[in-house]
Amino acid sequence: MPDLIDSSPIAAQHTCPKTTGKAAVILVTDKNYFLPTFAAALSADAHTWGDTSIYLFVVDAEEAWLQQFGVAVSGTKISIRAASFPQLAELSRLHRDVVPPIALARLWIGSLLGEDIERFLYIDGDTMVDDELETLLAISPPESGLMAVSDFMRIYVDELSFSKRRDMVYLRDLGCNAISYFNSGVIYASKNAWNSIAASAIGFLREHPDCCIASDQSALNHAARGNVNLLPLRYNYQSEYMMALDPRERGIKPTIWHFVGAPKPWDAPGWPWDNYFNRFYRQAEALLENCNITLPIPPKAQMVAGLSHRERNRFRMKWVYPWRRLTRRQKILSLLLQ
């Protein structure tokens, strides 16, 4: 494998100015997904320094339950805190995505942060940070918008397929296009901008649940339309991208890997996510060995469907549409090197 290319400076590629306010990395979970989310927090801790705080909020956790993690977080920048969202139950009834409704909790991140936090980087619990975050955290996100990475729809939406019309109708209903449509698993925003965008997203989800096929991601894309600064792909390298190209083959190491779909690497390591991506999960297991936590068990149907999708994708890219593998790789490389 060639030497991995260092991430190029974000500030040189965007007009956002340097900032002096305090930033934080934010993760939100429930008890059921605490272990992998803690692993993601450990990976963020390994790639931040200085006064960057890492907050892991656990929805509806009791204070007594939280006390058991003192040893696990000792020597890290991670702070584990309880969070309660009375509105979550109501909004969960409108949730249509295959991911658990706890994903909606990110909409209330702003209410969790102290006055000293000016901006935050939100990351999902099924991610792994693999390179420094300080370059990104050193700049100011847009005053009235957010920064995120294109969803994987971007690399295939222009291909002929049976689902293309459905995808275009979905984007039209949100007021987005395939280029501006972002994945909500990694978001960088100021607290003030996020509060406004999230409030609008909640309103849209309540009024137009049928348009929100991807639940909060759909609503956020509608709410933030026209105010999204796209980050290079390396800040949210998703499973569909990885199935087309492992960027390490080209000497590129993404900053954040995102294990979208099933199975996760800790459920069944294999293509495209091998045991390399379980490093922090194994560390989390060791640190939490004596703690009272729930081990995440994915639904069997979800695992079967995920494995089937990946094998079908690999077969089609090799034997049915081999040219698509080439064109997708070209698109991905251009997005990685932005």
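The structure displayed is predicted, hence computed values, not measured ones.
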Are side-chain N/O atoms of [X] and [Y] paired as donor and acceptor at under 3.5 Å?
X      : Y      : answer
Ser184 : Arg106 : yes
Glu132 : Thr135 : yes
Thr127 : Trp257 : no
Arg81  : Ser79  : yes
Tyr188 : Arg119 : yes

Only residue of Ile187, Leu121, Leu112, Leu113 satisfying side-chain contact (heavy atoms from CB on, under 4.5 Å) with Ile26 is Leu113

Test applied, side-chain contact (heavy atoms from CB on, under 4.5 Å); reference residue, Asn236; option that passes from Ile256, Leu231, Val149, Asp151: Val149

Using the rule given for side-chain contact (heavy atoms from CB on, under 4.5 Å), can you reason through Trp108 versus Ile202, listing the C-alpha separation, both sets of side-chain angles and the distance that settles it, and then say yes or no? CA-CA 10 Å; Trp108 293 281; Ile202 291 170; 3.7 Å; yes

Run the salt-bridge test on [X] and [Y] with the 4.0 Å N-O cut-off and return the result as yes or no.
X      : Y      : value
Asp158 : Lys331 : yes
Glu159 : Lys164 : no
Arg328 : Glu240 : no

Indicate, with yes or no, if the rings of Phe38 and Tyr33 have centres closer together than 6.0 Å. no

Whether [X] side chain and [Y] backbone form a donor-acceptor pair below 3.5 Å:
X      : Y      : answer
Lys22  : Ser53  : no
Ser180 : Cys176 : no
Ser43  : Val129 : yes

Compare all side-chain heavy atoms of [X] with those of [Y] and state whether any distance is below 4.5 angstrom.
X      : Y      : answer
Thr52  : Glu134 : yes
Met147 : Ile139 : yes
Pro254 : Asp130 : no
Tyr170 : Tyr181 : yes
His309 : Met243 : yes

I'd like to know whether Arg282 forms a side-chain contact (heavy atoms from CB on, under 4.5 Å) with Glu285, so could you lay out the CA-CA distance, the side-chain angles of the two residues, the decisive distance to 0.1 Å, and finally the verdict. CA-CA 5 Å; Arg282 300 306 174 210; Glu285 281 186 319; 3.1 Å; yes

What's the verdict on side-chain contact (heavy atoms from CB on, under 4.5 Å) for Leu287 and Leu42, showing C-alpha distance, side-chain angles and the deciding distance? CA-CA 10 Å; Leu287 289 171; Leu42 287 172; 3.9 Å; yes

Please lay out, stage by stage, how Phe34 and Leu56 fare under the test side-chain contact (heavy atoms from CB on, under 4.5 Å). CA-CA 9 Å; Phe34 179 81; Leu56 197 173; 4.1 Å; yes

Neighbour count >12 (heavy atoms, 6.0 Å) for atom CZ, Arg325: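 At most 12 heavy atoms, drawn from other residues, nucleotides or ligands, come within 6.0 Å of this atom.
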
Once you measure the plane-to-plane angle for [X] and [Y], does it fall in the parallel (<30°), tilted (30-60°) or perpendicular (>60°) bin?
X      : Y      : result
Trp65  : Phe69  : perpendicular
Phe277 : Phe259 : perpendicular
Phe204 : His208 : tilted
Tyr281 : Trp266 : parallel

Could you report the tightest heavy-atom contact between [X] and [Y], atom names first, then the distance?
X      : Y      : result
Glu143 : Ser190 : O-OG, 4.1 Å
Leu336 : Pro247 : CD1-CB, 3.7 Å
Ala23  : Leu137 : CB-CD2, 4.2 Å
Arg154 : Ser150 : NH1-OG, 2.9 Å
Cys211 : Leu174 : O-CD2, 3.7 Å

Measure from NZ or CZ of Arg314 to the centre of the six-membered ring of Trp271, then state whether that distance is under 6.0 Å and the direction lies within 45° of the axis. yes

Kindly indicate whether a cation-pi arrangement holds for Arg279 with Tyr276, taking the cut-offs as under 6.0 Å to the six-membered ring centre and within 45° of the axis.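 Yes, a cation-pi geometry.
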
Could you list the residues that satisfy side-chain hydrogen bond (donor to acceptor under 3.5 Å, both in side chains) with Lys31, not counting sequence neighbours?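 Counting only residues at least two positions away or on another chain, Lys31 forms a side-chain hydrogen bond (donor to acceptor under 3.5 Å, both in side chains) with Glu62.
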
